[in-house]
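Okay, structure first, notes after.
Atoms within a ligand are numbered from 1 in the order they appear, just like the ligands themselves.
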Amino acid sequence: MSRIFSGVQPSGDLHLGNYLGALKNWVRLQNDYECLYCVVDLHAVTVWQDPTELASSTREVAAGLIAAGLDPKSNIIFNQSQVSQHAELAWLFNCVARLGWLNRMTQFKEKAGKNSENASVGLYAYPNLMAADILLYKATHVPVGEDQKQHLELARDIAQKFNNDYAVDLFPLPEPLILGAATRVMSLKDGASKMSKSDPSENSRINMIDNADTIARKIRKAKTDPDSLPDTVAGLEGRPEAANLLNIFAALADAPIEDVVAAHAGKQFSEFKQTLSDLAVEVLAPVGVEMARLMEDAGYLDSVLADGADRARAIAQPNLEEVFKVMGFLNPRG
Ligand code: TRP
């Protein structure tokens, strides 16, 4: 059986990059796979989180998942800290993974920066917790972006070493799931850098919660270059802003980039931006409205997360017990 697991950090604004690169594609999986989507609050606290904001960011991501079209009945949607088995398995994986493996993780180096002596131990061990997230459910497939591929590799290494050390075939080796054309949404202000919630300029990103006017304004203000649109995809070479806007259009329209380029060949940006803005508003504004509505209803969101956690625990606990048994932990109750 195929089982999908993915995690989203509860660290504020979900944006168009999250929507087109992840959430929108996950909606397509819900009928064919058993899917677990986890708001990874234990990962979030590897860097400082304001306690009053953590709960609201967790609800916000849950609202975003549901507003994007993930049905909380067909999918298991929950926050990580409610299912203590994640932390338990992560500890065991701290004892399986090797220092040398973690020393090679590029994301730690980026996030810790120059002052790595002062980074939390949790930030360093972050990939072990991510491996635990996935392997706790014996997930077979993990939809991940480019930036998480190395962590998924590590999860496979941990699974393999565990199976090997204990001479069992307990963990499947999780595969990355590449969904459609990899949509890499770039900043609206700089086509060379990824759209990001940490960019100080609000105009660099479209947030999932943005209303129609805000979406239209941000697209109007998006950076372009002086030329008209090219006739072919090859003509996008060296034109990162044009490439980004056309890619966004293609992803929103679910159309191949070649067709989108052909349909708008030779147009001025002003005209194209108007069409893009209409499409973006049509697709995204209803998602934003639904997300805002859900965020007003904390009771409902909490009930979804509680129900998801119950269903997640029901899978996690027997798997964790199997691991304990293999490792030889004494359990007098049996
Ligand atoms: N590390 C992922 C990110 O920052 C989030 C994550 C945590 C995750 N656990 C996961 C993704 C398990 C996939 C599977 O985006």
Side-chain angles (χ1 to χ4, degrees), residues 2-15 17-23 25-26 29 33-47 49 54 57-58 60-62 64-65 70 75-83 85-90 93-94 97 102 105-112 119-120 122-159 171-179 182-185 194-198 308-309 312 315-316 319:
S2 295
R3 180 179 281 155
I4 287 183
F5 185 99
S6 200
V8 192
Q9 293 246 15
S11 37
D13 305 332
L14 286 174
H15 55 68
N18 303 113
Y19 180 71
L20 294 177
L23 309 192
N25 300 316
W26 296 355
L29 303 170
Y33 293 91
E34 181 180 23
C35 305
L36 295 109
Y37 296 111
C38 182
V39 188
V40 291
D41 48 10
L42 296 175
H43 276 106
V45 298
T46 56
V47 296
Q49 298 297 323
L54 185 60
S57 305
T58 301
E60 184 179 336
V61 171
L65 294 170
L70 291 172
N75 301 280
I76 299 181
I77 298 174
F78 68 108
N79 57 314
Q80 196 180 23
S81 60
Q82 282 200 86
V83 182
Q85 289 83 354
H86 287 252
E88 294 177 71
L89 187 60
F93 286 174
N94 285 343
L102 289 180
M105 295 294 113
T106 54
Q107 188 170 300
F108 175 77
K109 288 177 201 160
E110 279 161 28
K111 283 201 182 172
S120 74
L123 189 67
Y124 185 73
Y126 178 115
N128 293 346
L129 177 59
M130 178 163 160
D133 296 341
I134 299 164
L135 297 173
L136 184 57
Y137 302 95
K138 301 188 181 182
T140 55
H141 295 84
V142 181
V144 278
E146 215 34 66
D147 61 329
Q148 295 298 318
K149 281 221 179 112
Q150 196 186 28
H151 289 162
L152 186 59
E153 273 303 316
L154 186 94
R156 290 168 61 90
D157 290 344
I158 289 176
F171 293 119
L173 302 190
E175 303 278 347
L177 196 66
I178 312 295
L179 297 161
T183 310
R184 221 168 158 237
V185 180
K194 222 174 123 177
M195 186 175 282
S196 156
K197 55 192 151 207
S198 50
I315 306 171
N319 287 346

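Interatomic distance, CD1 of I134 versus CZ of R3, reported as 13.5 Å (0.5 Å rounding).
Counting the atoms of ligand 1 from 1 in the order shown, those under 4.0 Å from a heavy atom of Q9 are 4 (O). Near V142, the atoms of ligand 1 lying under 4.0 angstrom from a non-hydrogen atom of the residue are 13 (C), 14 (C). Of all atoms in ligand 1, numbered sequentially from 1 with element shown, those under 4.0 Å from a heavy atom of D133 are 7 (C), 9 (N), 10 (C). Which parts of ligand 1 touch F5 is read off a 4.0 Å heavy-atom cut-off, strictly below it: atoms 12 (C), 14 (C).
Counting heavy atoms under 4.0 Å from ligand 1, residue L129 does not touch it at all.
Between atom 7 (C) of ligand 1 and the options V144, V40, T46, the minimum heavy-atom separation is to V40.
Side chain of N25 to main chain of L20: a donor-acceptor pair is present (N/O by atom type, distance under 3.5 Å, no hydrogens or angles). Between the side chain of Q49 and the backbone N or O of L54 there is no donor-acceptor pair closer than 3.5 Å.
The aromatic rings of Y37 and W26 lie parallel to each other, their planes meeting at an angle below 30°, with 60° marking the opposite boundary.
Residue, atom and distance of the protein heavy atom nearest to atom 11 (C) of ligand 1 are G7 N, 3.4 Å.
Residue Y126 places at least one N or O, backbone or side chain, under 3.5 Å from an N or O of ligand 1.
Counting heavy-atom neighbours within 6.0 Å of Q107 CD, excluding the residue itself, gives a total above 12.
Using a 4.5 Å cut-off on side-chain heavy atoms (C-beta onward), Q85 and N319 make no contact.
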